[in-house]
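Notes follow once the structure below has been shown.
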Amino acid sequence: LQKKYKDLEFPRTKYGGRSVVTMLPGGGIGPELMTYVREIFSHCGAPIDFEVIDIDPSTEGNEDLENAIVSIKRNGTAIKGNIETTSQNLSEISRNVAIRNELDLYVNVLHCKSLPGIPARHQNVDIVLIRQNTYGEYAMMEHEAVRGHVESLKIMTEENAERVARYAFEYARQHGRKKVTTIHKANIMKLSDGLFLEMAKKVHKDYPELKHENMIIDNTCMQLVSNPHQFDVMNLPNLYGTIVANVICGLIGGAGLLSGRNYGDYYAIFEPGTRNTGTAIAGKNIANPLPMINAGIDLLNHLGYKDHARIIHEASYKTVVENGIRTPDVGGSNTSTDVINSIMDYLPNANVVWPHE
Ligand code: ATP
């Protein structure tokens, strides 16, 4: 393997040429998974320096959150674990949602692709979810009008619905996909989901080579469980997006596999696909490291370190798929560190193989 990678063109690490990325470890299993990412990156010489910001959800005020946002604005990219929202107090917003809104990360991309050999209800699933990532049901505009009467606003704008739909169609075109399915509940939420659907139909006119279908969210859940292979790219409002993401992850092997990407016009954040905290399994050396390793691979691809991304992907594929070194959530009996050690064994060591030096 070392020989195979000998002629690779790695981006050259040079003084001032390293990328700085914000790291938000979050709670639960986040910090331990970040440690693995750092070990793997440093082992294969990925020229990334992390600016680590811990957000403690139990502290008063939002100083940590503001530091995190400033850091991401400065660095452009972040890798992130889930930050727990511990309080029901209305004045305490979800830090995760606040970060996405503040940075206008309007789209979440989740490529739900089965891994061969992973015990799952369905094999060979290959669906891309393009989810509205700001506003919609996550506008965080709830209030108790009078005691016992709560109102919650779902915000849908032409501009937001249109740019999410355009992302979905553009993604489909650029990746050789054939069909986009817009998911909605426009029969009941006639104005908000109606607008989401209307914008998708409008954008579709610019992509005549692609098929566009629409499906009501409840039927979508049933169709996914019985025949997920009918879906290609899905265009989803915010809340339905997270529900569908979790349904598909459940169908193909659980929360411990996929990464998700959050994009806006200026910033990008990479994180585990289903955004779990995993508090109950933290510190036990049993969490599946793959969602964060895959987030790291997405990050490397985004920054242009394609070869680093590819060799880490190949090493984790050999570990999990070919050699069956797997954590319990995907039917194995290995520890998290067994998985990481195997990935490291497959990686060319930066000290040994460093082309063109
Ligand atoms: P808690 O966060 O307290 O563990 P929860 O019910 O909120 O509880 P989530 O964090 O949402 O759980 O995770 C959902 C499920 O997925 C849990 O059973 C969790 O253990 C599992 N899970 C999440 N991430 C991973 C992972 N990386 N490896 C293995 N299992 C995971």
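Everything numeric here is computed off the predicted structure, so don't read it as measured data.
- Atoms OG1 and CD1, from Thr35 and Ile40 in turn, are 11.0 Å apart once rounded to the nearest 0.5 Å.
- Using a 4.0 Å cut-off between charged nitrogen and carboxylate oxygen, Arg177 and Asp232 count as a salt-bridge pair.
- When every heavy atom of Val164 is checked against every heavy atom of Tyr106, the shortest pair comes out as CG2-O, 3.7 Å.
- With hydrophobic clusters built from ILVMFWY side chains whose heavy atoms lie under 4.5 angstrom apart, Tyr135 does not share a cluster with Met156.
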Please test Leu300 against Ile312 for side chain to side chain contact (heavy atoms under 4.5 Å, CB included), starting from the C-alpha separation and ending with a verdict. CA-CA 10 Å; Leu300 290 167; Ile312 297 173; 3.6 Å; yes

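- For Phe196 against Gln132, the heavy-atom pair with the smallest separation is CE1-CB, 4.4 Å.
- A donor and an acceptor atom, one from each side chain of Asn235 and Thr182, are located under 3.5 Å apart.
- Residues Ser114 and Asn124 have side chains that never bring a donor and an acceptor to within less than 3.5 angstrom of each other.
- Other residues, nucleotides and ligands contribute only 12 or fewer heavy atoms inside 6.0 Å of the CD atom of Glu63.
- Looking at residues two or more places apart in sequence or on another chain, you find a salt bridge (charged side-chain N to carboxylate O under 4.0 Å, His left out) between Glu213 and Lys179, Lys211.
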Would Asn108 and Arg261 satisfy side chain to side chain donor-acceptor pair (under 3.5 Å), going step by step from the backbone distance to the final call? CA-CA 6 Å; Asn108 177 250; Arg261 297 172 273 155; over 6 Å; no

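- In the model, His302 has no side-chain atom that pairs as donor or acceptor with a side-chain atom of Thr77 under 3.5 Å.
- The closest donor-acceptor contact from the side chain of Asn285 to the backbone of Thr337 lies under 3.5 Å.
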Assess whether side chain to side chain donor-acceptor pair (under 3.5 Å) is satisfied between His184 and Asn214, documenting all intermediate values. CA-CA 8 Å; His184 63 92; Asn214 70 85; 2.8 Å; yes

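- For the side-chain contact (heavy atoms from CB on, under 4.5 Å) with Leu105, the qualifying choice from Tyr267, Tyr263, Tyr266 is Tyr267, the only one to do so.
- With a 4.5 Å cut-off on side-chain heavy atoms, Ile248 and Val125 count as touching.
- When the side chains of ILVMFWY residues are joined at heavy-atom separations under 4.5 Å, either directly or via intervening members, Val20 and Leu103 end up in two distinct hydrophobic clusters.
- Rounding to the nearest 0.5 Å places CZ of Arg95 at 7.5 Å from CG of Asp64.
- For the atom pair Ile53 CD1 and Glu66 CD, the distance stands at 11.5 Å (nearest 0.5 Å).
- Here Arg275 pairs with Glu271 under the salt bridge (charged side-chain N to carboxylate O under 4.0 Å, His left out) rule; sequence neighbours left out.
- Under a hydrophobic clustering in which Ile, Leu, Val, Met, Phe, Trp and Tyr are joined whenever their side-chain heavy atoms come within less than 4.5 Å, directly or via other members, Met189 and Leu197 fall into different clusters.
- Contact annotation: the side chain of Met292 approaches that of Ile79 to within less than 4.5 Å [non-hydrogen atoms, C-beta and beyond].
- Note that the CE atom of Met140 and the CG atom of Asn101 stand 5.5 Å from one another [nearest 0.5 Å].
- Put simply, CG on Leu236 and CE on Met215 are 11.5 Å apart, with the number rounded to the nearest 0.5 Å.
- Taking the six-membered ring where the residue is Trp, Tyr171 and His175 present parallel rings, their angle staying beneath 30° rather than reaching 60°.
- The two residues Ala68 and Thr22 make their nearest non-hydrogen contact at O-CG2, 4.5 Å.
- Panel note: side chain Ser336, backbone Ala287; a donor-acceptor pair is recorded below 3.5 Å.
- Clustering of Ile, Leu, Val, Met, Phe, Trp and Tyr side chains at separations under 4.5 Å leaves Val146 isolated, with no partner residue.
- For the pair Ser316 and Ile343, the tightest heavy-atom approach, listed with the atom from each and the gap, is CB-CD1, 3.6 Å.
- The closest donor-acceptor contact from the side chain of Gln230 to the backbone of Asn227 lies under 3.5 Å.
- Asn294 contributes no side-chain N or O that, together with a main-chain N or O of Ser259, makes up a donor-acceptor pair within less than 3.5 Å.
- In summary, of the residues considered (Ile127, Asp126, Ile252), a side-chain contact (heavy atoms from CB on, under 4.5 Å) with Pro228 occurs for Ile127 alone.
- A 4.5 Å side-chain heavy-atom check between Arg163 and Asp104 finds at least one atom pair inside the cut-off.
- Val21 and Val52 fall within the same hydrophobic cluster, where Ile, Leu, Val, Met, Phe, Trp and Tyr residues are linked whenever their side-chain heavy atoms come under 4.5 Å apart, directly or through other members.
- For the pair Glu198 and Lys202, the salt-bridge criterion is not met [side-chain N within less than 4.0 Å of a carboxylate O].
- With sequence neighbours left out, Lys185 forms a salt bridge (charged side-chain N to carboxylate O under 4.0 Å, His left out) with Asp218.
- With respect to the salt-bridge test (charged N to carboxylate O, under 4.0 angstrom), the residues Asp206 and Arg166 qualify.
- Side chain of Ser342 to backbone of Asp338: no donor-acceptor contact under 3.5 angstrom is found.
- Here Ile188 is tied to no hydrophobic group at all, with no ILVMFWY side chain closer than 4.5 Å.
- Counting heavy-atom neighbours within 6.0 Å of Glu209 CD, excluding the residue itself, gives a total above 12.
- Using modelled atom types, one side-chain atom of Glu144 and one backbone atom of Gly148 make a donor-acceptor pair closer than 3.5 Å.
- When hydrophobic clusters are built by joining Ile, Leu, Val, Met, Phe, Trp and Tyr residues whose side-chain heavy atoms come closer than 4.5 Å, directly or via intermediates, Met222 is not grouped with Leu239.
- Each of Thr274, Leu115, Asp329, Val320 was evaluated against Leu257; a single residue qualifies, Leu115, per the side-chain contact (heavy atoms from CB on, under 4.5 Å) test.
- The minimum heavy-atom distance between Ala315 and Thr319, with the atom names listed, is O-OG1, 2.9 Å.
- For the pair Ser94 (side chain) and Asn96 (backbone), a donor-acceptor distance under 3.5 Å is present.
- If you take CG on Asn160 and CD1 on Ile155, they are separated by 10.5 Å, rounding to the nearest 0.5 Å.
- Not a single donor-acceptor pair under 3.5 Å links the side chain of His122 to the backbone N or O of Leu251.
- Between the side chain of His308 and the backbone N or O of Asn301, no donor-acceptor pair lies under 3.5 Å.
- In this structure the side chain of Cys112 never reaches within 4.5 angstrom of the side chain of Val128, judged on heavy atoms.
- The nearest pair of heavy atoms linking Asn288 to Gly256 is ND2-O, 2.7 Å.
- Evaluation of the ring-ring contact (aromatic ring centres under 6.0 Å, His included) rule for Tyr207 yields Phe169 as partners, not counting sequence neighbours.
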